[in-house]
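These notes are about the structure you will find just below.
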Protein chains: 2
Amino acid sequence: MSGPERRDSGDRGKSTAEKPRLDRQRILEAGAEFIEQFGPRHLTMRRLGTELGVEAMSLYRYIPSRENLLDGIVEVVIDELYKDPEVYPEPRHGWQDYLLRLAHGLRRLALAHPQVFPLIATRPTEAPWVRPPLRSLRWVESFLKALTSAGFSDQAAVDAYRAFSSFLLGHLLLEVAALGADVGPVDDVEPRPPRSTDLDDYPLLQRLQERLSEDRSEQEFEESLESLLDRLETLQA
Amino acid sequence: MSGPERRDSGDRGKSTAEKPRLDRQRILEAGAEFIEQFGPRHLTMRRLGTELGVEAMSLYRYIPSRENLLDGIVEVVIDELYKDPEVYPEPRHGWQDYLLRLAHGLRRLALAHPQVFPLIATRPTEAPWVRPPLRSLRWVESFLKALTSAGFSDQAAVDAYRAFSSFLLGHLLLEVAALGADVGPVDDVEPRPPRSTDLDDYPLLQRLQERLSEDRSEQEFEESLESLLDRLETLQA
DNA sequence: ATGCTTAGCTTACGTTGTAAGCCAATCCGA
DNA sequence: TCGGATTGGCTTACAACGTAAGCTAAGCAT
């Protein structure tokens, strides 16, 4: 601990100008990965630092605060929606097809990132009228364009956006929570011991416990989605 | 700061054996109130202590940890549902009436406690198959009983419970978030400056911004609820 | 050589949750 | 009446957190 050498500097030889080891994107990606592994509660600046082979304070050159870090992580993850080839940013086969693809894309996203999704769902958005989980301006614009140009009135398009948002939020949040994700973003929590609850006073729960534990997310999602689309149809011009 | 007097002890005279100043219930209620005022993020053991005129560590005689404190607060708040005279724990005028009352009761609860509701929505439940926001065993039992005795099959009742849960969760979470509640329980956040977003690239958002900012929660809630009940009707025997 | 910029490190501070132990007041059986 | 046990809140202490401030080595342009 006394020698003058600053770091063993990894690569041998001269020092092939290996550019900044850190940049915002790398940090955000590492953060997303970390959260996916350990849950948002365990993401601390120091731990993320060591994950990246760096001291905590080094992160602050690229990221102004932990809050901003979480925002960035959320952004990085939802941006994946653009890379999903099944989801078109513009409708191609009618608005129903567009909404179906969008919904399924978001569901894939949620299932691929169960620990990050609660953050997507619960972090403040960049404007009060932007609602999770479709929380990027680009997608909201895209959504509204799809509907209005399909004959929805302005009001109907807005209503549809809200109905769509709350449907997805409710369904996906519960679905990832059932996967055991830490759903409490600010204050999230450990998996929680199953606590062999005393069901003696609850005969129906006892009888239905097995059914209640079954996973029918897929069907439920499809059915609710279809029913929502049916309902939205009545809003059309 | 040297005198031997331990506390100015409030009340004059002897000290009318004013029993424990603290008890679990009192702490939980103070916690709920505190959160409603300042948001969950700002609830710390020390602050809650001073709020109660007591040192932080004193709380630990009644509450094992902060996590447990939050759980307790959630419990206290949802228990208010029992005090709502509009909501009957047993159906009285058919299952539709029961579900309507339940839904409206939960909505009133959410609107009365916008800062606590995100906790209700996102904190782990006591069994994996118990879903927020209807997260007490008693209510789940009551719900299932109402439906099965109205002719729903076991499976249909369970499906209904889930559909009902995700509907309420999505709607109410977005509604309280729009009220400016800290929706991030684990990591929640300051109100966030509206950030005068550049909408130059988003013509529709620009045109619809006013409509998007309008509050139509009431109607949306009613419409979605009705549509859900219509859908559930098809599940009946 | 000189000085500026870059990128990560060191140190330090105030705040957090909570473990451990202290101590006054009360209660209880003798 | 007493003297231990119990109760209920306090004090102290610690490790971990987010982050402000400043440092320093390396690379750059002059």
Side-chain angles (χ1 to χ4, degrees), chain A residues 1-11 13-27 30-31 34 38-72 184 186-190, chain B residues 1-11 13-27 30-31 34 38-72 184 186-190:
Chain A
M1 244 26 131
S2 57
E5 89 291 68
R6 282 192 67 54
R7 193 187 309 130
D8 57 285
S9 110
D11 57 348
K14 297 288 163 53
S15 91
T16 49
E18 59 169 285
K19 277 323 184 98
R21 321 207 285 114
L22 246 40
D23 63 65
R24 187 172 162 94
Q25 191 64 21
R26 234 171 80 66
I27 294 177
F34 188 101
F38 306 107
R41 266 246 332 245
H42 296 100
L43 176 61
T44 73
M45 300 306 276
R46 296 183 220 252
R47 280 207 267 268
L48 184 54
T50 44
E51 201 76 6
L52 287 161
V54 124
E55 292 302 313
M57 286 311 288
S58 306
L59 303 176
Y60 282 90
R61 193 160 297 268
Y62 304 92
I63 281 172
S65 69
R66 191 184 117 105
E67 290 301 314
N68 180 281
L69 169 65
L70 293 176
D71 287 344
V186 154
D187 282 84
D188 46 346
V189 179
E190 279 319 285
Chain B
M1 245 23 133
S2 56
E5 91 287 73
R6 283 193 67 57
R7 193 187 310 127
D8 58 285
S9 111
D11 58 348
K14 298 287 164 50
S15 88
T16 51
E18 57 169 289
K19 276 325 184 95
R21 319 208 292 110
L22 248 39
D23 62 62
R24 187 172 162 95
Q25 192 65 19
R26 237 171 77 67
I27 294 177
F34 188 100
F38 306 108
R41 266 245 333 247
H42 297 100
L43 176 62
T44 74
M45 301 305 277
R46 295 184 222 253
R47 281 206 267 267
L48 183 55
T50 44
E51 201 75 5
L52 287 161
V54 124
E55 293 301 314
M57 288 309 291
S58 306
L59 304 176
Y60 283 92
R61 195 157 299 264
Y62 305 90
I63 281 172
S65 68
R66 191 183 117 104
E67 290 302 313
N68 180 281
L69 168 64
L70 293 176
D71 287 343
V186 151
D187 283 86
D188 48 342
V189 179
E190 281 319 285

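Computed over heavy atoms, backbone and side chain alike; hydrogens, waters and symmetry mates excluded. We name chains A, B, ... by the order of the sequence lines, and we start the count at 1 in each one.
- Distance, A:Ile27 CD1 to D:dG18 C1': 15 Å, rounded to whole Å.
- In this structure, B:Arg47 does not reach the C:dT15 phosphate: none of its side-chain N or O atoms is under 4.0 Å from OP1 or OP2.
- Relative to the axis of its first five pairs, the axis of the last five pairs of the helix from C:dA1-D:dT30 to C:dG29-D:dC2 sits at 10°, rounded to 10 degrees.
- Taking atom CG of residue B:Leu59 and atom P of nucleotide C:dA19, one finds them 14 Å apart after rounding to whole Å.
- Distance CZ/B:Arg66 to CG/B:Leu48: 10.0 Å, rounded to 0.5 Å.
- B:Leu48 has its CG atom 10 Å from the P atom of C:dG17, to the nearest Å.
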Distances under 3.5 Å between protein N/O atoms and the N/O atoms of nucleotides 4-6 of chain C, please, pair by pair.
none

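- The distance from atom CG of A:Leu43 to atom P of D:dA16 is 17 Å, rounded to the nearest whole Å.
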What are the atom names and distances for every N/O pair under 3.5 Å that joins the protein to nucleotides 19-21 of chain D?
unit_1, atom_1, unit_2, atom_2, d
D:dT19, OP2, A:Tyr60, OH, 2.6
D:dT19, OP2, A:Arg66, N, 2.9
D:dT19, O5', A:Tyr60, OH, 3.4

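- Taken from OH in B:Tyr60 to CD1 in B:Ile27, the straight-line distance is 11.0 Å, to the nearest 0.5 Å.
- The nearest whole Å value for the distance from the CD1 atom in B:Ile63 to the C1' atom in D:dG8 is 15 Å.
- Remark: B:Ser58 is not in phosphate contact with D:dG8, judged by side-chain N or O atoms under 4.0 Å from OP1 or OP2.
- The nearest whole Å value for the distance from the CG atom in A:Asp23 to the C1' atom in C:dG8 is 14 Å.
- Side-chain contact check for B:Met45 versus B:Leu69: some heavy-atom pair is nearer than 4.5 Å.
- Remark: A:Arg24 engages A:Asn68 in a side-chain hydrogen bond (donor to acceptor under 3.5 Å, both in side chains) (not counting sequence neighbours).
- Rounded to a whole Å, the CD atom of B:Glu55 is 5 Å from the P atom of D:dC10.
- Remark: P of C:dG17 and NE2 of B:His42 are 12 Å apart, rounded to the nearest angstrom.
- In terms of the side-chain hydrogen bond (donor to acceptor under 3.5 Å, both in side chains) criterion, residue partners of A:Gln25 (sequence neighbours excluded) are, by chain and number, A:Glu29.
- Under a 3.5 Å cut-off, the side chain of A:Thr44 and the backbone N or O of A:Arg47 do form a donor-acceptor pair.
- Between the OG atom of B:Ser65 and the CG atom of B:Leu59 there is a distance of 12.0 Å, given to the nearest 0.5 Å.
- Side-chain contact between B:Leu70 and B:Leu43: present, with at least one pair of heavy atoms (C-beta onward) separated by less than 4.5 Å.
- Every side-chain contact (heavy atoms from CB on, under 4.5 Å) that A:Arg26 has, sequence neighbours left out, goes to A:Leu22, A:Asp23, A:Leu52.
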